[in-house]
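Throughout, a chain's letter reflects where its sequence line sits, starting with A, and its residues are numbered from 1.
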Amino acid sequence: MKKILIANRGEIAIRVMKTAHRMGIKTVAIYSEIDRKSPHVRYANEAVYIGESPSNKSYLLGDKIIEIALEMGVDAIHPGYGFLSENASFSEKVTKNGLLFIGPNAHAIRIMGSKLAAKEALKTYDIPMVPGIDKAVSDIKEATVIALKMGFPILIKAAAGGGGKGMRVVEKKEDIGQQMQRAISEATSSFGDGSVFIEKYISSPRHIEIQIMADTHGNVIHLFERECSIQRRHQKLIEEAPSVVLTPELRKEMGAVAVLVAKSCDYVGAGTVEFLLDSRHNFYFLEMNTRLQVEHPVTEFITNLDLVELQIRVARGEKLNLKQEDVKIKGHAIELRVYAEDPLNNFLPSVGSLEIYKPPTGTGIRVDDGFEEGMDIPIYYDPMISKLITYGANRTEAIQRMIYAINNYPIKGVKTTLPFGKFVCEHPAFIRGDFDTHFVQNYYSSELLKKELTEDATLAALIALKLYTQEKALLRIPKTSS
Amino acid sequence: MKKDFHITVNEQFEFDFNEDDLGVLDILPLKNNHLHVLHQNVSKVFSIVKSDFQSKYYEINIGSVYYHITLEDTLAIHIKKLGFSLKKEVFSKELKAPMPGIILDITVKEGTLIKKGDPMVILEAMKMENTLNAPADGIIKSIYFSKGESVEKGTILIDME
């Protein structure tokens with residue numbers, strides 16, 4: 001493998017290129033109109049314009065991307081996450097055109113990409129599942145009957161979903177109609193497939209996922225868990241590894257189930273098996289993500305492995321040079337997703353220009369980003385500015401490093417989730433490790449964050465008043481003469 | 001007690017202070033445009049990004065946060081209050097875009113009678129669909145956009161009466 005094309009943008013494109021370059025592999029970037037100035041374009045050895053800014057006219061154009069790849073003489077395509085990463089027909093077409101797809105084959109993506117097909121494939125294995133129906137519904141009356149039988153609250157989910165899109169919790173009968181319409185519409189526009197299904201909503205779960213890695217020789221290992229319970233709108237904001245609640249026995253058990261899930265679909269490459277863990281530590285299979293995850297850096301920190309390197313080696317047909325007993329957890333890592341969103345205003349997107357942007361540096365601090373000072377945050381894509389990851393010998397050290405890193409990450413021009421990250425890292429429940437996916441709902445409110453921020457805001461107000469009075473005193477002197 | 005200054009920080013925090021409230025605000029200049037402040041034994045490093053005496057506008061950086069600070073004296077506040085109370089009567093019924101995005105759907109027509117909280121517009125921003133609801137009861141007077149158009153934050157989408 002001499003040259004790869006990265007069918008993505010931003011931080012993940014750069015992340016993949018870094019490893020490729022280190023392995024002596026050349027890289028080709030693609031970019032949309034608005035991304036001409038994005039750092040990923042400069043980071044690559046070569047870059048090709050793909051189309052207009054909206055993703056359906058650029059980063060989602062599978063055929064055009066393959067055409068470019070063939071023209072540029074690349075050997076393989078890395079899809080990153082999002083966009084075409086979990087598109088089975090794209091994976092298939094890449095392979096049919098004689099290129100390598102750095103990811104699983106179409107068969108595995110197809111099965112795991114549809115939650116209903118995944119349930120079907122796993123039926124023969126002994127894998128714990130959340131109670132729910134195993135077929136798609138679109139009729140509101142039918143959905144209401146199912147919901148009443150199952151008992152509220154229920155969760156409406158897009159069969160082709162991911163990232164919280166097309167997902168709605170329904171608390172009472174009256175809301176089913178409106179919420180289903182929203183879920184179907186979101187699912188149609190995000191995934192091109194409007195089928196939704198219904199599941200019992202487990203009310204205080206932790207979201208724990210297991211990283212797996214499989215080669216083409218039938219070897220599958222797991223790289224332990226990531227705890228991703230700190231979420232808003234069903235989207236992860238903070239992830240850490242290891243999880244404070246997993247005992248070595250439970251870790252081993254969940255790891256074994258994750259490996260089984262991977263084997264059930266002949267999985268190849270890096271993948272993630274997501275579970276819900278209830279308050280009594282029962283775990284249920286949620287879904288499998290057939291791609292490299294946003295939060296993969298925390299696993300890299302605690303295992304000292306480069307997941308992109310492993311992906312590339314597996315795609316080249318190499319055998320995994322690791323056995324399950326070779327991988328060990330060392331230390332603790334936390335990731336904060338820095339989004340251009342205002343935590344004081346319901347996490348609404350905050351678009352603008354990064355007038356000042358200075359990522360922190362230091363021991364145990366990693367920043368994966370695709371922006372630089374002076375750039376605008378485009379409205380066409382995810383509002384993630386960067387991922388801030390910190391590592392420590394233990395959880396306390398990782399948390400304290402995160403707080404230090406947040407305090408030394410000046411961003412001006414847009415509101416970000418940095419103050420929220422600090423709020424969480426300083427919260428007693430988070431420090432104790434005593435939380436579930438309702439952390440934000442239970443412990444966070446904009447008023448609380450505002451109260452915490454008031455101390456510095458007061459100081460800023462006083463400093464300004466002092467500067468003003470000092471200047472006024474200076475100006476008074478010449479004034480007397482007039 | 002009446003205060004001389006009304007101070008707004010980042011449009012989110014409001015304080016009323018007198019010069020007396022400054023107390024012992026101990027500020028020490030450091031290298032590279034940084035300053036050190038001790039206030040009630042709390043120690044912080046900050047820098048002054050902007051300072052405009054004429055318009056009473058200051059910008060200060062503490063840690064990773066930038067604070068935009070506007071000072072107003074009490075007289076200015078009175079004028080502002082009068083201005084606002086006049087405006088309120090006229091422009092109270094409009095739907096503004098709370099964020100930039102693309103209009104996916106408009107569920108009302110001109111002339112429709114609607115109640116506060118009724119869904120009016122579905123706005124997509126950053127791949128999430130957001131339902132914008134009616135801010136008050138009323139009749140739709142004008143709709144300024146149609147499906148598929150992109151709008152900036154704060155744009156008036158719909159006027160009601």
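- Under a 4.0 Å N-O distance rule, the pair K172(A)/D175(A) qualifies as a salt bridge.
- Neither the backbone nor the side chain of E341(A) has a heavy atom closer than 4.5 Å to any heavy atom of chain B.
- Side chains of Y81(A) and N289(A): no donor on one and acceptor on the other come within 3.5 Å.
- Proximity to chain A (any heavy atom under 4.5 Å) is restricted, for K44(B), to the side chain, taken from C-beta onward.
- Across I62(B), L25(B), I7(B), I60(B), the residue that shares the most heavy-atom pairs under 4.5 angstrom with chain A is L25(B).
- For I356(A), the part lying near chain B is the side chain, with the backbone staying farther off; criterion is any non-hydrogen pair under 4.5 Å.
- For F53(B), the parts lying under 4.5 angstrom from a heavy atom of chain A are both the backbone and the side chain.
- Inter-residue side-chain proximity for E19(B) and K472(A) is flagged as met; some heavy-atom pair is nearer than 4.5 Å.
- Contact of P378(A) with chain B is made through the backbone alone, with heavy-atom distances under 4.5 Å.
- The candidate with the highest count of non-hydrogen atom pairs below 4.5 Å against chain B, out of Y380(A), Y468(A), Y409(A), is Y468(A).
- Interface check for chain B: of the options K422(A), K415(A), K450(A), the most heavy-atom pairs under 4.5 Å are formed by K450(A).
- Chain B forms the most heavy-atom pairs under 4.5 Å with one residue out of T416(A), L344(A), N345(A), D382(A), and that residue is L344(A).
- Under 4.0 Å is where a charged nitrogen must lie from a carboxylate oxygen, and between K116(B) and D137(B) no such pair does.
- Contact of E59(B) with chain A is made through the side chain alone, with heavy-atom distances under 4.5 Å.
- Checking each of E94(B), M160(B), E161(B), E110(B) against S142(B) for a side chain to side chain contact (heavy atoms under 4.5 Å, CB included) leaves exactly one that passes, namely E110(B).
- Interface residue T131(B): only side-chain heavy atoms are found under 4.5 Å from chain A.
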Item checked: Steps toward salt bridge (Lys or Arg N to Asp or Glu O under 4.0 Å) verdict (R168(A), E186(A)) -> CA-CA 10 Å; R168(A) 289 289 195 274; E186(A) 245 177 58; 3.1 Å; yes
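- Heavy-atom distances place no part of Q40(B) under 4.5 Å from chain A, backbone and side chain included.
- When V42(B), L35(B), N61(B), I69(B) are compared by the number of non-hydrogen pairs under 4.5 Å with chain A, I69(B) comes out ahead.
- Only the side chain of S189(A) has a heavy atom closer than 4.5 Å to any heavy atom of chain B.
- Side-chain atoms of Y59(A) and Y381(A) include no donor-acceptor pair closer than 3.5 Å.
- With T155(B) contributing its side chain and V151(B) its backbone, the two residues share no donor-acceptor pair below 3.5 Å.
- Between the CD1 atom in I406(A) and the CD atom in E426(A) there is a gap of 8.0 Å [rounded to 0.5 Å].
- Remark: the Y66(B) side chain and the N10(B) side chain contain no N/O donor-acceptor pair separated by less than 3.5 Å.
- For the set D342(A), L418(A), N408(A), N407(A), the entry with the most heavy-atom pairs within less than 4.5 Å of chain B is N407(A).
- E149(B) and S146(B) share a donor-acceptor pair across their side chains, judged by distance under 3.5 Å alone.
- Neither the backbone nor the side chain of L104(B) comes within less than 4.5 Å of any heavy atom of chain A.
- Heavy atoms of I411(A) lying under 4.5 Å from chain B belong exclusively to its backbone.
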